[in-house]
2 protein chains.
Amino acid sequence: MKQKRPYACGVDAAVDVIDGKWKVLILWSLSTGGKRFGELKRDLSGVSEKVLIQQLRELAADELVHRRTYAEVVPRVEYSLTELGRSLNEALEPLGEWGARNRPGIEARRAHLSPERVNTADNHPRHG
Amino acid sequence: MKQKRPYACGVDAAVDVIDGKWKVLILWSLSTGGKRFGELKRDLSGVSEKVLIQQLRELAADELVHRRTYAEVVPRVEYSLTELGRSLNEALEPLGEWGARNRPGIEARRAHLSPERVNTADNHPRHG
DNA sequence: CTGTATCCTACACGATACTG
DNA sequence: CAGTATCGTGTAGGATACAG
């Protein structure tokens, strides 16, 4: 949700739409069905109300999720995926599989490579 | 490249790896073949040297790109995708297609919905 | 040409208190 | 319950100058 420069490619646009610390988790969480605000909050352990609502609104503005309010005595709002949101989730699947497959490797490399050293010269294998 | 909480799912891990303003563009740019630092810099118009090198190093640390130096009189370094990088690029394709397909809609919605209004109550259609 | 070294800033995210 | 209103913060990203 920054959109500074025009998108350079499709991935660029798609990433922009899911850009936000909790958005993919929200989409993921909603993929099994609509959820209320409180449920989501519990689901995404650690998110603040402010940020959750912020990202939900952005997702709604992008029409990936649908916000339905019920005029009841006790306030009730349900969020669910739109058709567009579902299609995005589908497009995300291969990426999810890639992540699942390679997660051990990723974590392993990051574990023994102290973050401070990543951006300092050659940890890189020599070729010559 | 933040990795604060343990990954909640595969997408989460994958997104973390491509998290960085220019990383997908770098991967995309390298998908057609190895490139030198200067070429990349020209390709990704607008990136600063500092940030470019930073993200290249992170990608290299994650073993998505390969950094090859040639000991010549005029410094020369070539970056290319690793097998892992190529596999990520493949996993990114559906997302890219989704983005390409929906980019017009995304931009349209964001255009007539002024950014300031996104996070203020109902722009949302009524249902009831 | 391929980087380092600094300095700076905006903005996403977070903590907390309050409201209909 | 489902938000809103504030205030505070870290850090990714950018500008620029310099170096091997």
Side-chain angles (χ1 to χ4, degrees), chain A residues 1-5 15-26 34-60 65-80 115-124, chain B residues 1-5 15-26 34-61 65 67-80 115-124:
Chain A
M1 205 69 171
K2 22 186 187 193
Q3 169 76 322
K4 298 183 178 178
R5 51 163 162 24
V15 166
D16 189 31
V17 142
I18 57 169
D19 188 30
K21 192 169 175 184
W22 305 91
K23 287 191 184 174
V24 300
L25 296 185
I26 292 172
K35 292 221 171 95
R36 303 182 54 173
F37 182 83
E39 293 182 88
L40 277 171
K41 192 186 163 183
R42 252 169 284 121
D43 240 45
L44 314 184
S45 174
V47 69
S48 77
E49 291 172 351
K50 174 198 149 194
V51 171
L52 178 54
I53 218 131
Q54 218 172 69
Q55 312 220 339
L56 279 170
R57 285 218 196 283
E58 291 179 358
L59 289 171
V65 313
H66 182 76
R67 179 178 179 273
R68 182 166 210 167
T69 56
Y70 298 85
E72 301 178 350
V73 271
V74 37
R76 182 177 154 208
V77 179
E78 188 167 286
Y79 294 90
S80 57
E116 303 77 47
R117 291 212 55 200
V118 169
N119 269 299
T120 179
D122 290 58
N123 311 304
H124 311 280
Chain B
M1 205 71 170
K2 22 189 185 191
Q3 169 76 324
K4 298 183 176 178
R5 51 164 163 25
V15 166
D16 189 31
V17 143
I18 57 170
D19 188 31
K21 191 170 177 183
W22 305 92
K23 287 192 184 173
V24 299
L25 296 184
I26 293 173
K35 291 221 170 93
R36 302 182 54 173
F37 182 82
E39 294 183 88
L40 278 171
K41 191 185 164 184
R42 250 170 284 123
D43 240 44
L44 314 184
S45 174
V47 70
S48 75
E49 293 171 349
K50 175 198 148 193
V51 170
L52 177 54
I53 236 231
Q54 217 172 69
Q55 311 220 340
L56 279 170
R57 287 220 194 283
E58 290 178 0
L59 288 171
V65 312
R67 178 176 180 274
R68 181 166 210 167
T69 57
Y70 298 85
E72 301 177 351
V73 269
V74 38
R76 182 176 152 209
V77 179
E78 189 167 286
Y79 294 91
S80 57
E116 303 76 45
R117 293 211 54 200
V118 170
N119 269 299
T120 180
D122 292 58
N123 311 304
H124 311 282

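Each chain gets a letter, A, B and so on, in the order the sequences are listed, and its residues count up from 1. We use all heavy atoms of the structure for the numbers below, so side chains are in, but hydrogens, waters and symmetry mates are not.
Within residues 17-24 of chain A, the residues that place at least one heavy atom under 4.0 Å from DNA chain C are, in residue-number order, A/Gly20, A/Lys21, A/Trp22.
For the atom pair OG of B/Ser45 and CG of B/Leu25, the computed distance is 11.0 Å after rounding to the nearest 0.5 Å. Distance CG/A/Asp19 to CG/B/Asp19: 7.0 Å, rounded to 0.5 Å. From B/Arg68, atom CZ reaches atom CZ of B/Arg36 across 14.0 Å, with rounding to the nearest 0.5 Å.
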Sequence-aligned protein contact record of nucleotides 15-20 of chain D, with B where the base is within under 4.0 Å of a protein heavy atom and S where only the sugar-phosphate is: B-B--B

Worked check of side chain to side chain contact (heavy atoms under 4.5 Å, CB included) between A/Lys21 and B/Arg5: CA-CA 11 Å; A/Lys21 192 169 175 184; B/Arg5 51 164 163 25; 4.0 Å; yes

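Nearest heavy-atom pair, A/Ser80 versus A/Gly34, reported as atom, atom and distance to 0.1 Å: CB-CA, 3.9 Å. Contact between B/Thr69 and B/Arg67 at its shortest, heavy atoms only, is CG2-NH1, 3.5 Å.
Between D/dG13 and B/Gln55, a contact under 4.0 Å exists linking OP1 or OP2 to a side-chain N or O. Note on B/Arg42: every side-chain N or O is 4.0 Å or more away from OP1 and OP2 of C/dT2. Taking side-chain N and O atoms only, A/Arg5 has no distance below 4.0 Å to OP1 or OP2 of D/dG13. The side chain of B/Tyr79 contributes an N or O atom lying less than 4.0 Å from OP1 or OP2 of C/dG3. In terms of phosphate contacts, A/Arg57 brings no side-chain nitrogen or oxygen within less than 4.0 Å of OP1 or OP2 of D/dA2. Within the 4.0 Å cut-off from OP1 or OP2 of D/dC1, not a single side-chain nitrogen or oxygen of A/Arg36 is found.
Between B/Leu44 atom CG and D/dG14 atom C1' the separation is 15 Å, expressed in whole Å. Atom-to-atom, CG of A/Leu40 to C1' of D/dC1 comes out at 13 Å; the value is rounded to the nearest Å. Atom CG in A/Leu52 sits about 13 Å away from atom C1' in C/dG14, given to the nearest Å. Between the CG atom of B/Asp43 and the C1' atom of C/dC1 there is a distance of 17 Å, rounded to whole Å. The distance between atom NZ of B/Lys35 and atom C1' of C/dT2, rounded to the nearest whole Å, is 17 Å. One can place NZ of A/Lys41 at 14 Å from P of D/dT4, the figure rounded to the nearest angstrom. Remark: P of C/dG3 and CD of B/Glu58 are 15 Å apart, rounded to the nearest angstrom. If you measure from atom CG of A/Leu56 to atom P of D/dA2, you get 11 Å, rounded to the nearest angstrom.
Note on the helix from C/dC1-D/dG20 to C/dG20-D/dC1: terminal axis deviation equals 50°, with five pairs used at each end and the result rounded to 10°.
A/Glu49 meets the side-chain hydrogen bond (donor to acceptor under 3.5 Å, both in side chains) test with A/Lys41; sequence neighbours excluded. Residues passing the salt bridge (Lys or Arg N to Asp or Glu O under 4.0 Å) test with B/Arg76 are B/Glu72, sequence neighbours excluded. Remark: B/Asp16 pairs with A/Arg110, B/Tyr7 by the side-chain hydrogen bond (donor to acceptor under 3.5 Å, both in side chains) rule, at least two apart or across chains.
Using a 4.0 Å heavy-atom cutoff across all strands shown, A/Tyr70 reaches no nucleic acid atom at all.
A donor-acceptor pair under 3.5 Å is formed between the side chain of A/Gln55 and the backbone N or O of A/Trp22.
For the pair B/Leu56/B/Phe37, a side-chain contact is recorded, criterion being any heavy-atom separation below 4.5 Å from C-beta on. At a threshold of 4.5 Å between non-hydrogen side-chain atoms, the residues A/Leu52 and A/Ile26 count as touching.
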